[in-house]
Amino acid sequence: QTVRNRVLAPMPTGRNTSLVFTHLKTQQRDIAALLQGAITAGEAGVNILLYGAPGTGKTEFAKMFASELSVNCYEVGFTSDENGLEASRDDRLSYLKLANRLIKPEERAVILLDEAEDIFDSLSSESLRGPVRRRGSKAWMNALLESMRIPTIWITNDIEFDAAHLRRFAYVAEFEIPPLSVRRQMVSNHTAGLTVTEDTISCLARNDALTPAMLGAACRFVRLAKFPDEDVDQALV
């Protein structure tokens, strides 16, 4: 149990009501069907890649799937020991491989691996320096992707992967800039309860560089600072 707690961190699942994913309806349908089929059939080597700019809701999107499919979602640990030290790339790969043994075959579960670019970036940089160790080599990584017993969702901010790795993913979804209608709905959801004018909501929605995470941080600032109603618009902007 101690090893399991070190390796696997259960993630709370559910829908973040401030986020809107209607522009990803097709991807949502496809990934849900893929995960359901893989879990039911016990299919190995089912990897899903979610990529896009930081703060666009990729992790929340994955947690939403786990909730809708009523499966347990585990994040591979970021810490290497009880002192909370950051896990190295090799630690995370070891944990990932071990996670497939710790999760029982009969358990309906998915694994979530956030910040996956660290693993693949390290692999690329090692390749440039010369011979790589067995763990983390391209062949080793390909074998790992193909043998994953538990469906795994990899989340990254970019997609600069070796083509051989990319071919091992059953589904790849990009988190592009949402259309204006979706951005407006996100702004409205985040600012619910604040005295924000329609002009400010429209202004923020037109800023396609504003991510849900940035918007959430701004709204949190306004709520905690308790600005007078007449100052809320300016403070939020």
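Since the model is a prediction, treat every value here as computed from it, not as a measurement.
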- Message: So Leu210 and Arg183, do their side chains get closer than 4.5 Å, heavy atoms only?
- Response: no
- Message: Applying side chain to side chain donor-acceptor pair (under 3.5 Å) as the test, list every pair that has at least one member in residues 166-178; sequence neighbours left out.
- Response: Asp30-Tyr171, Tyr51-Glu174, Glu146-Arg168
- Message: For a quick test of reading the model, state the closest non-hydrogen atom pair linking Lys138 to His165 and the distance between them.
- Response: O-CE1, 3.6 Å
- Query: For Gln28 and Phe65, which heavy atoms make the closest approach, and how far apart are they?
  - Reply: O-CE2, 3.0 Å
- Item | Nearest non-hydrogen partners of Glu107 and Tyr74, listed with the distance | OE2-OH, 2.5 Å
- Apply side chain to side chain donor-acceptor pair (under 3.5 Å) to Asp199 and Thr197, showing your working. CA-CA 5 Å; Asp199 285 346; Thr197 64; 5.2 Å; no
- Item | Electrostatic pair Glu198:Arg184 at N-O distance under 4.0 angstrom | yes
- Over all atoms of both residues, closest heavy-atom pair of Trp154 and Ala116: CE3-CB, 3.8 Å
- Message: A side-chain contact here means heavy atoms from C-beta on lying under 4.5 Å apart; do Pro54 and Thr211 qualify?
- Response: no
- side chain to side chain donor-acceptor pair (under 3.5 Å) between Ser181 and Gln185, intermediate numbers included: CA-CA 6 Å; Ser181 60; Gln185 185 61 53; over 6 Å; no
- Rounding to 0.5 Å, atoms OG1 (Thr152) and CG (Leu35) come to a distance of 10.0 Å
- Task: To the nearest 0.5 Å, tell me how far Asp208 CG sits from Leu180 CG.
- Result: 9.5 Å
- Query: With side chains defined as the heavy atoms from C-beta onward, is the minimum distance between Pro10 and Asn72 less than 4.5 Å?
  - Reply: no
- How many angstroms lie between atom OG1 of Thr195 and atom CG of Asp231, to the nearest 0.5 angstrom? 9.0 Å
- To the nearest 0.5 Å, how far apart are CG in Leu224 and SG in Cys219? 11.0 Å
- Are any non-hydrogen side-chain atoms of Ile153 and Ile111 less than 4.5 angstrom apart? no
- Message: Between Thr191 and Ile201, is there a side-chain heavy-atom distance shorter than 4.5 Å?
- Response: yes
- Task: Check the hydrophobic clustering (I, L, V, M, F, W, Y; side-chain heavy atoms under 4.5 Å; chains of links allowed) and say if Met11 and Ile39 are grouped together.
- Result: yes
- Flag yes if Val20 and Leu194 sit in one hydrophobic cluster, no otherwise; membership is Ile, Leu, Val, Met, Phe, Trp, Tyr, and two members link when side-chain heavy atoms are under 4.5 Å apart. no
- Looking only at heavy atoms, which two atoms of Leu215 and His190 are closest? And how far apart? CD2-ND1, 3.5 Å
- Item | Point-to-point distance, once rounded to the nearest 0.5 Å, from SG of Cys203 to CG of Asp233 | 10.0 Å
- Query: Between atom OG1 of Thr56 and atom CE of Met214, what is the distance when rounded to the nearest 0.5 Å?
  - Reply: 12.0 Å
- Close side-chain approach of Leu96 to Met148, heavy-atom, < 4.5 Å: yes
- Message: Measuring only between side-chain heavy atoms, which start at C-beta, is Ile48 closer than 4.5 Å to Leu34?
- Response: yes
- Message: Do Leu112 and Ile155 make a side-chain contact, defined as non-hydrogen atoms from C-beta onward lying under 4.5 Å apart?
- Response: yes
- Relative to the ring of His23, is the ring of Phe21 parallel (under 30°), tilted (30 to 60°) or perpendicular (over 60°)? parallel
- Shortest non-hydrogen contact between Ala164 and Asn142, atoms and distance: O-OD1, 3.6 Å
- Message: Could you see if Ile103 belongs to whatever hydrophobic cluster contains Tyr95? Use Ile, Leu, Val, Met, Phe, Trp, Tyr and a side-chain cutoff under 4.5 Å.
- Response: yes
- Cluster check Leu50, Leu166: I/L/V/M/F/W/Y, side chain < 4.5 angstrom: no
- Task: Please answer: with hydrophobic residues joined when any side-chain heavy atoms are less than 4.5 Å apart, are Val46 and Leu113 in the same cluster?
- Result: no
